[in-house]
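All of these numbers come straight from a predicted model, not from anything done at the bench. Positions are given from 1, in the same order as the sequence printed here.
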Amino acid sequence: TYASKLNCHFGAKLAFTDPVSHVKFFGGGISRSVFFPKGAILVDLCGHFSGTPKDMLRFYKVTDYGLSSYHKNPHISIEWPDMKTPYLDPMFWPELLKMIRKYKKDCLFFCMGGHGRTGTALAIMAGLTGAAGKDDPVEMIRKDYCTHAIETKDQEAYVQCAIKKK
């Protein structure tokens, strides 16, 4: 549960930097006072961007970098059930990486708690960018981002599947 993980990361935590484009990849969770780095590409892994800005007030903390300027941030909204894998073809991820590298904007992946969905997406990106090197991207994200990242065996398997599809 979220309450049992209260002593881990808050805000938008830097997970890694793409060795090719030098884009920074951040992770966070709505329940962890996530803020939006100014100008970053936002990848909402809960599908909350389908609401209006007024609806979003109940989900997002307003900060100098946050909701007041969220509309200036390019965003992608993915409906992804908690504790599951997304309903996305694994080929989505290399295409997303191409777009991120093309625009050379930092990127924030976030879900509700910043662990399962966020950790899974960050591990995929770490594997595809080469940021994980020869290390297992799941273990790298657990070490460098959060020990609670990637919550299920299915999410671990999805990471490997997405990385092999590049």
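Nearest heavy atom pair, residue I150 against residue A123, reads CD1-CB, 4.2 Å. Across all their heavy atoms, G119 and I141 have their closest contact at O-CG2, 4.0 Å. M140 approaches A126 most closely through the heavy-atom pair SD-CB, 3.6 Å. When all heavy atoms of L45 and A121 are compared, the pair lying nearest together is CD1-CB, 4.0 Å. Heavy atoms only, all atoms of each residue included: A162 and P90 are closest at CA-CB, 3.7 Å.
Note that OH of Y145 and CG of L14 are 11.0 Å apart. Values are rounded to the nearest 0.5 Å. Here NE2 of H22 is found 9.0 Å from NZ of K104. Values are rounded to the nearest 0.5 Å. Once rounded to the nearest 0.5 Å, the distance linking CD of Q155 with NE2 of H115 reads 11.5 Å. To the nearest 0.5 angstrom, T118 atom OG1 is 9.0 Å from E151 atom CD. Atom SG of C161 is separated from atom CD of E156 by 14.0 Å, given to the nearest 0.5 angstrom. T85 contributes atom OG1, which lies 7.5 Å from atom CH2 of W80 (distance to the nearest 0.5 angstrom).
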### Task
Starting from the C-alpha separation in whole Å, work towards a yes-or-no answer on side-chain contact (heavy atoms from CB on, under 4.5 Å) for K143 and D135.
CA-CA 11 Å; K143 178 178 153 276; D135 295 337; over 6 Å; no
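Between D144 and F16, every side-chain heavy-atom pair lies at or beyond the 4.5 Å cut-off. Looking only at side-chain heavy atoms (C-beta outward), K105 and V23 stay at 4.5 Å or farther from each other. In this structure the side chain of L97 reaches within 4.5 angstrom of the side chain of M125, judged on heavy atoms. F110 has its side chain out of reach of C46: every pair of non-hydrogen atoms, C-beta onward, lies at least 4.5 Å apart. Counting only heavy atoms from C-beta outward, the side chains of Q160 and D136 approach each other to under 4.5 Å. Two residues are said to be in side-chain contact when any heavy atoms from C-beta on lie closer than 4.5 Å; I100 and I41 meet this criterion. In this structure, R101 and D18 have side chains that are in contact, with non-hydrogen atoms separated by less than 4.5 Å. For the pair C107/V43, a side-chain contact is recorded, criterion being any heavy-atom separation below 4.5 Å from C-beta on.
The backbone N or O of K24 sits less than 3.5 Å from a side-chain atom of D106, completing a donor-acceptor pair.
Cluster annotation: V20 and I163 are assigned to distinct hydrophobic clusters (Ile/Leu/Val/Met/Phe/Trp/Tyr, side-chain heavy-atom contacts under 4.5 Å, transitive). Neither I30 nor M83 shares a network with the other; the hydrophobic side chains, linked directly or stepwise wherever heavy atoms of I, L, V, M, F, W or Y lie under 4.5 Å apart, form separate groups for each.
Ring-plane geometry between Y158 and W93 is classed as perpendicular, the angle between the planes exceeding 60 degrees on a 0 to 90 degree scale with a lower cut at 30.
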